[in-house]
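Only one structure is covered here, and it is reproduced in the block below.
It should be emphasised that the depicted structure is a prediction, and the values quoted were computed from it without experimental measurement.
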Amino acid sequence: MEADIRWLDTPEVFRVNQMAAHSDHIWFGDESCYQAGMRHTDYGAAAAESDLFQSLNGTWEFRLFPNVKEALGAQEEIVGSQIDSVWDEIAVPCHIEMAGYEKIQYVNIQYPWEGCEYRRPPMTETAKGQREDIFSGAQYNPVGYYRLRFDLDEKLRGKQVSLFFEGVEQAVYVWLNGIFIGYAEDSFTPSEFDLSNVIKDTGNTLIVRVHKQGCSSFLEDQDFFRFFGIFRDVSLRAKPSLHIEDLWIQPEYRETPDKKNAGSVSVRFRYAGSIEGARLSIRILDAEGKTCLTTVAQAEQVLHYDMPEPVKLWEHRAPCLYRMELRLFDDRGELLEIVPYDFGFRRVEIVDKGNGTPVIELNGRRLILCGVNRHEWSAQGGRCIGEKERKWDMECFKRNHINAVRTCHYPDQIPWYYLCDREGIYVMAETNLETHGSWGKLDCIDGAWAMPGSFPAWEAVTLDRAKTNFEVLKNHPSILFWSLGNESFAGTTLEKMNRFYKEQDPGRLVHYEGVFFCPEYRETISDVESRMYAPPAEIRRYLTEEAEKPFILCEYMHDMGNSFGGMQSYMQLIDEFPSYQGGFIWDYIDQAIQVEDEVTGKPVLRYGGDFDDRPADYEFSGDGIVFADRSEKPAMQEVRYQYGRYES
C-alpha cells in the first residue's frame, strides 16, 4: 500500500495499518527487569525498565514545509532516495511550535483558520461546491518531516516489534526503511504500527510526516493552544512468540450478611500467537504486598476467580489497590512475559432514593465531586509534560482537597491515570472530541453543520475515538465516568457513542453535557444531567421540579481574572439536594507560555494573542486556579476551604 495524501481531506479514512487499540499494560521479559520496574511509582519510569521496550525519545532530525505541495515535492528525496539533504534538529517529544519552527496560536471556540480560509466539513450539506483538497491543497498547512536512524536493542531482536506513539497532532504518515507503514489521526490516544516485516537489527531509518491540519481538525477544536508534532513518548515494543495483547480485569464485590465484602475477579484476554499448551501463572497481592491468591491455569480467553478473603474497597479516602501478576509460559514451560496490573474493587451506580431523588453512589455512599478540569500544561513545554508536572499537580490536588478530575477535553498521558488510581482521584475520562466551532459562535447556536451530528461519513471516525479511549483505559479503577467529549452538540453519532460505552462497560456511568442544547436526545445520551455555568437558581429549579437524573456541573466558576466569587452558593446545593453531585471547576491551570521579556530580560508569562496570533482569543487562555508556572492563585484559598468541608 502507498500513502495517499487524499486521506487528509477524507473523514472516512482515519487509521491505516494501525494495530487494534488495547489495554495500556506494560510487560517484561524477565524477573529482574520486572522487579526493577516495580520499584518506580510512575508508569513511564516503570515502562523504561522493561527489557522489551526501547525508547525513541531524544533528538531527531527535522525539516519543516509551509504546505503539502512543498512537502510532497521533497518526498522522494526524503523517503526514497539516498540523497542526504540538510536537516535541522528537534527534541522528541516536543511541539513543533515550542521548538521555534512555527507560529504559536491560541483560539477557543473558533477554528484556527477562520478569517483566513473558508472550510466546511467534507461529506456534509454545507460542503457542497467546496474544493475537495481543503487541507492537502491549502497554501498554509505546515508539514513537519522527522527522521531517526536507530539500531534495534539486542533484547528486541528476533521478536515481533511495534512502533508506539502515545500522542501525535494531528495527522501522521509513517515510513520505515523506505516502506510505507501507516497513517493515524487521533492526536491524544496511542497509535501503534507493526514493524515486524520491515525492521532490521541495525541501520533503520524512520520517517514520520506530521500535518498540522486535516479532517481531524474539525473534531479537535478544544479550548487550547493549537500545536502539532510528536508531543508524547515514542517507543518500540517487542512481543514474544505468544503475547498478552489485551486484558480487561473486571473486579466485583458484594456485601455479605456479616457486612464483609466478598470479591471476585474476571479477566478477559486477547492473545497474539497460539495459546495451545500455554499456561498462565496468576498471583494477586494486596496493598501490603501479601499474596491473596495464586494459581496456574491454561491460557484461556476468560478466567474467573473468587477472592479467598474479604476485600478492601477503592475510594478517594482509602484508594486500596490490588496487584495482579501474570506470568505467561509456552508449551515447554519457558517464561515468555510478565504482565503486572493494579486494580481496585469499587462500584459506581445511580440509586433511586424515592420521591424523585436519583443519587450517584460509590460503594454505597453518595458521591460528592470536588473536582477540576485539567488541561495538561507546562509553561515551558505546552502540553508536553512529564513526571515532575504530574507529581506537582497531584500534590496540589491533595493539599487543596480536590478529589476529582475531568480530563478536558481529550485522553491524558497514560501515567496520569495510574497516578489517579494510586492517589484516589475520581476521573471523568473524556473522549478526544470537541467541535464547538461548528455550531456555537458569538452566542449563536446553529446546528446546521454541527459535528459529528448525524452525518454518516463522520460516524466511524467519531466512534473509533470512543472505542480507543475505552480499550486503552478500561482497567483503571479511578475512572468512574466515560465522557463522550465536550461541546459537540448532539445527534445519532453521539447516541451510538453512548450506547457503545453502556454496552461495553455497564459498570461505569456515561457523561455528556452538550445534550442540553438538544433535549430530544436527553433520554438516549448521558446518565447524568450535566451543565456548564448554570446559575444556582437554575440548578435548584431542576433539582426541585425535574431531577430525572443526578446533576453535575461539568464546568463552573471559570477563574479568569478576579472572578472566583460565589463558590459558596454552589456548595450549598450539595447540602440541600442529594441529587446534586458537585462539579469540576474551570479550570485548573492557566495556559500561558514562559518567554524572556524583550525589555527586562526576565522570564514572563504570555497568553493568547501575545504571539501576534490571529485569529486569537487572547487572555481567555488564563482561567485557572493555578498560574502556568504552577504557583497557586489567591482563589485556591477558597477552593481549599470549600472542598475541605467534604474531605471526611
Side-chain angles (χ1 to χ4, degrees), residues 22-41 43 46 50 242-271 275 277-315 318-331 333-348 362-364 417-418 421-422 424 474-479 505 507-508:
H22 58 78
S23 53
D24 61 359
H25 63 283
I26 57 179
W27 59 94
F28 302 84
D30 66 42
E31 291 287 347
S32 61
C33 292
Y34 167 62
Q35 296 301 330
M38 291 303 98
R39 287 197 293 268
H40 298 281
T41 56
Y43 165 92
S50 175
L242 175 60
H243 167 65
I244 297 174
E245 192 74 40
D246 180 76
L247 74 153
W248 188 8
I249 303 171
Q250 296 175 282
E252 294 184 357
Y253 80 92
R254 58 182 176 79
E255 194 174 89
T256 62
D258 58 355
K259 302 298 182 182
K260 294 182 178 180
N261 297 312
S264 62
V265 183
S266 295
V267 192
R268 296 180 179 272
F269 297 94
R270 187 174 81 242
Y271 300 93
I275 61 174
R279 293 181 300 111
L280 269 173
S281 168
I282 300 173
R283 183 184 180 211
I284 297 178
L285 300 91
D286 64 16
E288 287 73 43
K290 174 187 172 185
T291 298
C292 303
L293 182 149
T294 181
T295 187
V296 177
Q298 295 298 310
E300 302 286 351
Q301 305 296 331
V302 181
L303 295 172
H304 178 88
Y305 298 100
D306 293 323
M307 298 293 286
E309 297 180 3
V311 297
K312 296 180 180 179
L313 305 185
W314 183 97
E315 54 104 8
C320 181
L321 290 174
Y322 290 77
R323 173 163 296 166
M324 178 174 290
E325 293 179 345
L326 301 167
R327 289 172 171 81
L328 181 62
F329 297 87
D330 64 15
D331 54 1
E334 181 181 343
L335 177 65
L336 298 175
E337 65 181 2
I338 305 167
V339 177
Y341 212 104
D342 292 352
F343 66 96
F345 291 90
R346 56 107 183 96
R347 180 171 62 239
V348 59
L362 178 67
N363 302 336
Y417 300 92
Y418 283 86
D421 293 343
R422 195 175 76 238
K474 57 183 175 283
N475 288 303
H476 291 282
S478 57
I479 296 177
D505 193 8
R508 290 184 173 101

From Phe343 atom CZ to Arg323 atom CZ, the distance as rounded to the nearest 0.5 Å: 11.0 Å

Restricting to non-hydrogen atoms, name the atom on Gly289 and the atom on Leu285 that form the minimum distance, rounded to 0.1 Å. O-CD2, 3.3 Å

Partners passing side-chain contact (heavy atoms from CB on, under 4.5 Å) against Ser32 (at least two apart in sequence or in another chain): Asp30

Correct closest heavy-atom pair for Ala278 and Gln298 would be O-OE1, 3.4 Å

Going from CD1 on Ile479 to CG on Asp505, what distance comes out if it is rounded to the nearest 0.5 angstrom? 9.0 Å

Has Arg508 got a side-chain atom pairing as donor or acceptor with Lys474's backbone, closer than 3.5 angstrom? yes

So, taking the atom named CG in Leu326 and the one named CD1 in Ile338, what distance separates them when rounded to the nearest 0.5 Å? 10.5 Å

Any chance you could measure Glu300, atom CD, to Leu280, atom CG, to the nearest 0.5 Å? 9.0 Å

Side chain to side chain contact (heavy atoms under 4.5 Å, CB included) between Met307 and Cys292, worked out: CA-CA 7 Å; Met307 298 293 286; Cys292 303; 4.0 Å; yes

Is the shortest heavy-atom distance from the side chain of Ile284 to the side chain of Met324 under 4.5 Å? yes

So Tyr322 and Val311, side chain to side chain contact (heavy atoms under 4.5 Å, CB included) or not? Walk me through it. CA-CA 9 Å; Tyr322 290 77; Val311 297; 3.6 Å; yes

Polar contact flag, side-chain donor to acceptor under 3.5 angstrom, His25-Ser23: yes

What's the shortest heavy-atom distance between Ala46 and His40, and which atoms? N-CB, 3.9 Å

For residues Leu242 and Asp330, determine if any side-chain heavy atom of one lies less than 4.5 Å from a side-chain heavy atom of the other. no

Which value, rounded to the nearest 0.5 Å, describes the distance between Tyr271 atom OH and Gln301 atom CD? 6.5 Å

Can you give each donor-acceptor pair under 3.5 Å made by side-chain atoms of residues 260-269, sequence neighbours left out, with the distance rounded to 0.1 Å?
from, atom 1, to, atom 2, distance (Å)
Ser266, OG, His304, ND1, 2.7
Arg268, NE, Gln250, OE1, 3.2

Close side-chain approach of Tyr417 to Tyr43, heavy-atom, < 4.5 Å: no

Would you say Glu337's side chain and Ile244's backbone share a donor-acceptor pair under 3.5 angstrom? yes

Atom OG1 of Thr291 and atom CZ of Arg283: how far apart are they, to the nearest 0.5 Å? 3.5 Å

So Asp24 and His476, side chain to side chain contact (heavy atoms under 4.5 Å, CB included) or not? Walk me through it. CA-CA 10 Å; Asp24 61 359; His476 291 282; 2.7 Å; yes

Is it the case that the side chain of Trp314 and the backbone of Asp421 share a donor-acceptor pair, with hydrogens and angles ignored and the cut-off at 3.5 Å? yes

All heavy atoms of Pro308 vs all of Leu293, minimum pair found to be CD-CD1, 4.2 Å

Taking the side chain as C-beta and beyond, is there a heavy-atom pair between Gln35 and Phe28 under 4.5 Å? no

Consider only side-chain N and O atoms of Asn475 and Tyr418, and report whether a donor and an acceptor are under 3.5 Å apart. no

Decide side chain to side chain contact (heavy atoms under 4.5 Å, CB included) for Trp248 and Arg270; before the verdict, give the C-alpha distance in whole Å, the side-chain angles of both, and the deciding distance to 0.1 Å. CA-CA 9 Å; Trp248 188 8; Arg270 187 174 81 242; over 6 Å; no

Salt bridge check, Arg254 against Glu252: does any charged N sit closer than 4.0 Å to a carboxylate O? no

Is there a donor-acceptor pair under 3.5 Å between the side chain of Arg327 and the backbone N or O of Leu335? no

Side chain to side chain, Arg422 and Asp342, heavy atoms closer than 4.5 Å: no

